[in-house]
Each structure stands twice: as C-alpha cells, then as structure tokens.
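Remember, it's a predicted structure, so these values are computed and weren't measured experimentally. Residue numbers start from 1 in every chain, and the chains themselves are labelled A, B, ... in the order their sequence lines are given, proteins ahead of strands. Heavy atoms only: backbone and side chains are in, while hydrogens, waters and symmetry mates are out.
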2 protein chains.
Amino acid sequence: MASLTVSFILIIITIVLLPSPSSSLTSQPSNVFPSNKPPRFLGKHSHSIKTNHQQYRYETRYFSQRLDHFSFSDLPNFRQRYLINTEHWVGASRLGPIFLYCGNEGDIEWFAVNTGFVWDIAPHFGAMVLFPEHRYYGESMPYGSKEEAYKNATTLSYLTTEQALADFAVLITDLKRNLSAEGCPVVLFGGSYGGMLAAWMRLKYPHIAIGALASSAPILQFEDIVPPDTFYNIVSNSFKHESNSCFDTIKQSWNALTSAGQREDGLQQLSQTFHLCRELKSVEDLSNWLESAYSYLGMVNYPYPSNFLMPLPGHPIREVCRKIDSSPDGSSILERIFNGVSVYYNYTGEVDCFQLDDDPHGMDGWNWQACTEMVMPMSSDRNTSMFPAYDYDYSAFQEECRRDFQVTPRPRWITTEFGGHDIEHVLKFFGSNIIFSNGLLDPWSGGGVLKNISQTIVALVTEEGAHHIDLRASTTEDPDWLVEQRETEIELIEGWLDNYGEKMKATFKI
Amino acid sequence: MASLTVSFILIIITIVLLPSPSSSLTSQPSNVFPSNKPPRFLGKHSHSIKTNHQQYRYETRYFSQRLDHFSFSDLPNFRQRYLINTEHWVGASRLGPIFLYCGNEGDIEWFAVNTGFVWDIAPHFGAMVLFPEHRYYGESMPYGSKEEAYKNATTLSYLTTEQALADFAVLITDLKRNLSAEGCPVVLFGGSYGGMLAAWMRLKYPHIAIGALASSAPILQFEDIVPPDTFYNIVSNSFKHESNSCFDTIKQSWNALTSAGQREDGLQQLSQTFHLCRELKSVEDLSNWLESAYSYLGMVNYPYPSNFLMPLPGHPIREVCRKIDSSPDGSSILERIFNGVSVYYNYTGEVDCFQLDDDPHGMDGWNWQACTEMVMPMSSDRNTSMFPAYDYDYSAFQEECRRDFQVTPRPRWITTEFGGHDIEHVLKFFGSNIIFSNGLLDPWSGGGVLKNISQTIVALVTEEGAHHIDLRASTTEDPDWLVEQRETEIELIEGWLDNYGEKMKATFKI
C-alpha cells in the first residue's frame, strides 16, 4: 500500500476549492511560520485517477474552441473535451431539455462520476446530459499538451473564467444547431467553482441557459463583500462544536509544532511523529498539510459515511476530535494531532507513511486562477480561529504571484465583471432562475448566497449540509433533509421548464 | 470651397452605421458590378473635424486600460480618453446619478456635441455626465498611435465590443470608487452602435448600470433574426412613398450607369455628369457613392431641417425626389440622379466638384468590426428595393475580409455572446430597465426592438422618427411627437432612479 496509496486516496479533489495563496502570517513570537502562506490547493494531486464510483454511460467528444473568444488574435484553437449522453433525451421536437454541468478545475470524468444528481434526474426530465471540460484541465489543453499549456504566463494567460464560460456558450450553441435543437432549454449545474460558473453563466448568458443550480458557490468571497475570516471561523466552529478541548489542542498545536521544529533534529523528530515517508523540509510543509486536512474536513463534514474526498466516517470532525481527546494519557499535543488527522488521511488504515505535497508552487491550474482572477481574501482571527492567526496581506500575496507565475493579480476584476456587491438588490429586479444551495457546515458557505433574492433566485440552506452534497448521487443513507432538498431542486427546475414550455407553446401554438 | 468642403461637410458620421461589406451582387446581364461590394462606411471620413454645434463644457481625462480584459497576456495598457462634467452633479452623499454615454465608433468629442439630450436633462437629474471614448477611435489608441494600432490584424485584434464594454465597466467602477460614489446609480445612453453597446452593457453588467436608453440600436441585425433585405427595403419605401417615378428612376439608374461606363470615354463622361473632381476609376465607386447618399438620406429623413450628417432640408427624401422628378424635360436618367443626390451632397450649394471615397478598403475601425464581429447580413431584393439587386453571399464577404484584414469573421459570435434570437421571451423574465427607441423611417429600425418586451423593457417607436433623433439636443423646431418621446424617456429614467433610491433608502435607512 504505502505512500502511493496516499496519493491514490487523495483522489481528484479539484472540485473542492481551498483558500488561495492570499494571506500572510502576522509574526507572533512563537509562531515563526514564513511570512507568506504558499498556495494550498489539493487540485495539484488531481492527475487522472479513477474513482470507484458507479460509472455512468457517456460518449466522449471533442470540440474545436478558440483560445481567445474576446479578441481576434491569431492563436491556435484547442480541443475541448465533453461527455455526452442522449439515451434519455426526448429529442428536439419535444423540446427535450439539456442538462449541462459546468466543468470546473479538474478532469471532467471525475466530475461526471461525482455528480450523480444530474444523472439521477435526467431520465425523469427526458434530458440530454452534457459535461464539457474546463479549458486547461483534464484533456482540454491548449497548445496540445499540459506541458505546453502550462509553460509560462503567456501560454497560461487564457485560463480565465470568462473564456471558460464562452467555451460553454459556443459549444452548446453549436451543438444545438447541429441537432436542430435550438429550441431546447438548457439547465446549468455546478458545484464549488463550477457552481460559480453556473450562476455567472445564467447571469451573463440568459439566452443560452434558462436556469442554474449553483451548489456551494462562494460568489461573494471576493474583495470585502464578506469578512475574510469567515472561512476559517466556520471550520473552527465545527471543531469547537464537537469539543472545546479539541479546538484548544489544535489551536495550541501550531506553537508546539514551531517549537519542535526549532529543536536540533526537530524536523527529523516531526517526520517520525507524523509518519512521513520522507524527512520534512520545513515546518511549514507540515502545518499546511494539517491545515488542509481541517479545511477539507469542514467541507466534507457530512452526517453519514462518505467517500467524496477521502473515505470517511459520518460526522468526521466528531471522529477527529474523539481521537484527539481520547489519546492515551501522556500523549503530547503533536501525538494527539497526528491521531486526529489520521482519521482524515488514513481512515482505512492502509497508509504506512504519508507523502506531503512537495511542490507547493507547481504550475497548477487553480493556483494560476487564484493568482489572477480568483483572488479571495482570507485571514485567520487570533481569537475565533483554531488556525494560525494571520491577517490578509494583499501585497505579500501579489509578490508571491509575481514570483510564482510572473503575473499580477486583478483582485477587483471578478466583481467588476460579474458583480457581487449589493447582489441582493442588483438581482432582485434583474435575473431569474438560479438556485444557490449551501450547507452551513461548509466553510465556503460564508461566501455563498444564503438568502432568497427574489421569487426565482432562491437560496436553499441546509443546517447539516456540507460542500455541495446535493449534487452527489442519492443513496439509501441520505438523511431526510437531503432528500427534501433535492426534491425542492427538482421542483424548481420543473417549474423553469414548465414556464419555458408554456412560453414556447404560446409562440409556436404547439 | 471646392472639394475640400465635401470632406469637411461630410463631418464625422461615424455615429451612423451603414451596411457592412457583407454582400455580393448577383450577376445580372446589364448590371455588371463587381461580385463583392466594398465596405461602405463613411466612418472613414471621421477625422477630427469639429462641428458648429453648441459646445458643452467638460473636462478631458485619460484612464489607463488593459488591452485584453479577458486574458492575462502581457500587453501594453492604453490611454482611454473620457469627457466628464460634474457641475450639476448633486454628489455621492445624495446618490447623484451618473449619465454615461457609451462611446461608439468615432471621436468622442463629436458624440458629446451631438448628444444634446444627455446634456439637456443632466441638470434636472443632478447628474454627472460621462463620455468615455471607444477603444481604437479618436484619441483612445492602443500602442500609442492610430498608425501602430491599425498596423495589422494582430494590433487590431483587441478592437471588439466585449473589450469596449469591459473598458466602460472598469472605468466607471474605478471612478466611482475614487469618488466614494459606489452607491450612485449609472444610467447608460447610446445611439446606433452606441445604442447596441448601451443595451448590451445593461444586460451584461446590471450591477454597474441600472438602466439604458438604446436609441436606434439594431441589435437584431445579425444572422437570420431579421430578413437581410430589411434595410434597403425601408430606404426604398421612403423614396417610393414620396414618388413612384423617383423610385423607378433610381431603380433604372444602375443599368444606365453600367451602360454609360461601358462606352468609350464612359468613365470620363460620368465624371463630368457627376461633377467629380478626379476622373472616375470604376463605375462601382460612383454607384457606392450614390447608394451611400440614399442610405444616409433614409437615416436622416427628419421632418424638419437638420445638420446631423449634412446640412439638409426637412423631409430630405421628398426634396431629392422633387429634384429627380422635376429635372428639365429631356434630362437623362443620370442627370436626374445627379440633381437628386446634390440635395444630399451639396444642399448649401458650396461644392464645386465631388471627391469620392478612394480608399474603400482602408484600415478603418468600423470596417474591421464589420469584418470580425459586426457581421450584418444585407441583401437587396430585385423587386422591392431600388438599389442594385444582390443576395447575401457570406463566402464572398469572408473572402473580402481575409483579403483586407487577414481576418476571418465570426458571424455567429454576437448572438452567442449577447443573444438576439427569441429576444422577446429571453428578456421577458430576465433583465429590466432598457428603452429601445426607434424611428420607423430609419432603415436600421428593421433590426431594432420594436415591441415592448416587459413592463421595464420598452420600445418607443415613432412613425416619423429617423436615426436616433431623440438623442439630439432639443430645438424649437422639434415636432410634438419628438417632444413627447423625450418626455417619456425622462419619465422612464426617473422611474428607474426612484426605484433605485427607494431600494437604497430601505437598505441604509436614509
């Protein structure tokens, strides 16, 4: 099993956003972490690993896309991959709907197998299912290969949200024309960054899609729309909710870690305590690894066993805290921490040693996006957060992006292009047919739309929900609230389609 | 006076769209025009000529803009010019509105002096007035100069509608932030292509502008949304409405022209008949010159004397037809035609000889836009049009664009990006606060929105109106319908602002 398994179990988690490299530690005497936190996005583990999930049937196709939709630069087209299933589609003449999942930052096949909700409901709607891949991910590589696409800032420069949305718009328009299905309504789906894409696509291309289900889409996690400490506070509260002592142990662990690292042979000792395969290069690598585990646990803190990011028990944070709190008497803080995070990284018990991420500045697609458009301010409050305290430091973040990618971020661009400020009022009289679904346990819910904006732009908020659980396939273990949430989503989508059908009937006197 | 005057009088008419180079003549035995019509857009005469219009007070400023908003390519920023007047603005604390005219394909100063409506109403609203210039026009040249900006397809490639809209969005967002005026509502104005920009901006950036007055905006003149023969039919009907014989004379003149050109010394003879300053190089040049006059006459067929494109009498088509019909007995068809178009090209009688456009393929900004995004299919019906008959031939058009600009048009892009098909239904439940104003005499009205879409997306259609007359300064000669139209527009804008004010009050408990 060994270390390979860790990479393997750390399957593709690109669907899960993690705070971007947007923060710097405030210097505390005993917390001598480096002044800039490195990018922390597990997307970099997202090479083409297959999951054990139920496989859905689809055909894989490719579509030639412009690299820059918004200029006439003479650039090479690229092949966008998309997955398509038409077996339940009732066809163009009956205005069969088209369900389009907005592919996000990863291999589209992984999203396809992990978005069971769309597959589950498609037959009921007689819908075609489409999963177009996001440019610069999976097989949809400009310049012919990932190596070439990720070569430098010039080749990466077309990896933007607006270009990705235009890809979807051009693809679906062309596909519908070829099928003489121009009249067929398109419904968008997306989770996390994909949910942001779905919501923005509905806003920017209302003529192309009649509605969007945007699950766990933190479209307000920009500029100063929500407080920057929201994310880590939500995670921390989830731990505190389980156990005050667990929260305290984790909060104290960062100093313990720093002290340990400063000892002679400290890194070697830490490597042993945490069962690392290779000797630790810096305390920071270890703290990042721990912080990632806590953040992801916050996202997947589902009330029943799941296998989304990792095989985990139900209420995994409860289990982590149980391990931390119930470690044998005399256990050090760091031994308790190791016992706790083992629930996340090694629930199956199959891992012998752990392999930390050793390339935090790698040319990862999401890191590029975080360093360009997806600038989400993050901080960690020294009182309310169990994470190392730090303030948001844009200058340091910018410096880091310039160093890593030779690119200067545009922190205000997303709100200029897509809005966000005063969104309730802007959209109250403008826009329709968007579902924003959020689970309050999900740390990303802090950047989500949690209130109904209008009769047709609605927020579905679940107390016990975590990161876009509603998009996953239904199982016999689903709690009632999840079953009900999905039923509501289906009803709302039915309403959109009924309205559309009536409108079309009125037009064509069908 | 001489020929210089013609160029001079042909002041800046960039505001006026003319059919783009999108058509080819069908070969008729006696109509041996070339198979592809050249670009015909008088924008190429639009160098910095000042008009005699009332001057408005404004400050000229410059703003550093990205060349490509939608990629992170390392390109030089450019200086966007904008005109600003704040003397009537009631300020940020009172939520003073900002009236933004969407600069279109020409020097912004010309639009400023020719959009009196905005200046006229700004004091009443306590509004700031902003006229940002469209990139690649006037002084807003990427790469430092027009010569560099228009060098080739690569330097021109960022001359697109989406980039221009993003320029406006970034500029206004930055300006408001600097003035701490984030809460101030922005209302958009625009005529012709500028009207298209205003409407599209409201649709794409509802968080930035609360409403738009889109005057004479042919946003449906794309693909097959409206019949391609609409434009020339409307012009032709205006002539036919004045006089059947006038219509017939013009319709017959193309054959007469061709026959005359085929004679020995034919071009010399034609040059004399039409008082040209230099000998004609081809019959096509002359026919283009005549067609332009008729098309522009259709646009500015106002019921009272005007000086918009040219100094003209009221009902100028009536006057042209009077000249054609009342030419001395024995006058040839071409002599009649010359008498007619002299009303357009020489109403003041100051021109001794006429200078035709001798650079139809010049690197003109609008020609580039017509060859890339603004692909508006045009045809001329052999029965209903008085223009030379031709079918729309996309292949020939594409060939022409490749030859002139080394660029391949994207004829379906505008409807993919901005919609257009089924617009009534798409916008009925999506979008708000747009006025589409059209005068039915305007040939561009055929591509306009002529029906109310919803309670807040309304069409103001005037029987006797021509090309965006409502945007011009009010005069004592304004007919009642025009006065009423402007009053309605003011009321609608007041409604938008009142709604916005109430919303803000409710939010901030002012």
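- Neither the backbone nor the side chain of B:His421 has a heavy atom closer than 4.5 Å to any heavy atom of chain A.
- Both the backbone and the side chain of B:Asp68 come within less than 4.5 Å of a heavy atom of chain A.
- Within residues 170-187 of chain B, the residues approaching chain A closer than 4.5 Å by heavy atoms are, in numerical order, B:Val170, B:Thr173, B:Arg177.
- Residues of residues 206-214 of chain B that come closer than 4.5 Å to chain A, counting heavy atoms only, are B:Pro206, B:His207, B:Ile208, ordered by residue number.
- Looking only at heavy-atom pairs under 4.5 Å with chain B, the residue among A:Leu203, A:Asp74, A:Thr408, A:Leu165 that has the most is A:Leu203.
- For A:Arg202 against A:Ile434, the heavy-atom pair with the smallest separation is CG-CG1, 3.6 Å.
- Using modelled atom types, one finds no donor on one side chain facing an acceptor on the other under 3.5 Å when comparing A:Glu105 with A:Tyr136.
- Proximity of the aromatic rings of B:Tyr193 and B:Trp366 is defined here by a centroid distance below 6.0 angstrom, and this criterion is met.
- Note that A:Lys451 lies outside the cation-pi zone of A:Phe436, set by a 6.0 Å cut-off to the ring centre and a 45° limit from the axis.
- Considering only residues two or more places apart in sequence or on other chains, B:Glu162 meets the salt bridge (charged side-chain N to carboxylate O under 4.0 Å, His left out) condition with none of them.
- Taking chain B as the reference chain and counting heavy-atom pairs below 4.5 Å, the highest number among A:Arg66, A:Glu424, A:Arg410 is found for A:Arg410.
- Nearest heavy-atom pair, A:Tyr150 versus A:Asp364, reported as atom, atom and distance to 0.1 Å: CE2-C, 3.8 Å.
- Under the 3.5 Å distance criterion, the side-chain polar atoms of A:Gln65 are matched with a main-chain donor or acceptor of A:Asp167.
- The shortest distance between side-chain heavy atoms of B:Tyr82 and B:Leu100 does not fall below 4.5 Å.
- B:Phe397 approaches B:Val375 most closely through the heavy-atom pair CE2-CG1, 3.6 Å.
- Although no hydrogens or angles enter the test, the distance criterion places no donor-acceptor pair under 3.5 Å between the side chain of B:Glu373 and the main chain of B:Thr160.
- No side-chain N or O of A:Tyr205 forms a donor-acceptor pair with one of B:Thr416 less than 3.5 Å apart.
- Neither the backbone nor the side chain of B:Tyr500 comes within less than 4.5 Å of any heavy atom of chain A.
- Closest heavy-atom contact between A:Trp413 and B:Ala166: CH2-CB, 4.0 Å.
- Heavy-atom distances place the backbone of B:Thr415, and not its side chain, under 4.5 Å from chain A.
- Interface summary for chain A: among B:Thr372, B:Ile423, B:Val426, the most heavy-atom pairs under 4.5 angstrom belong to B:Thr372.
- For B:Ser454, the side chain to side chain contact (heavy atoms under 4.5 Å, CB included) partners at least two apart in sequence or on another chain are B:Thr456, B:Ile457.
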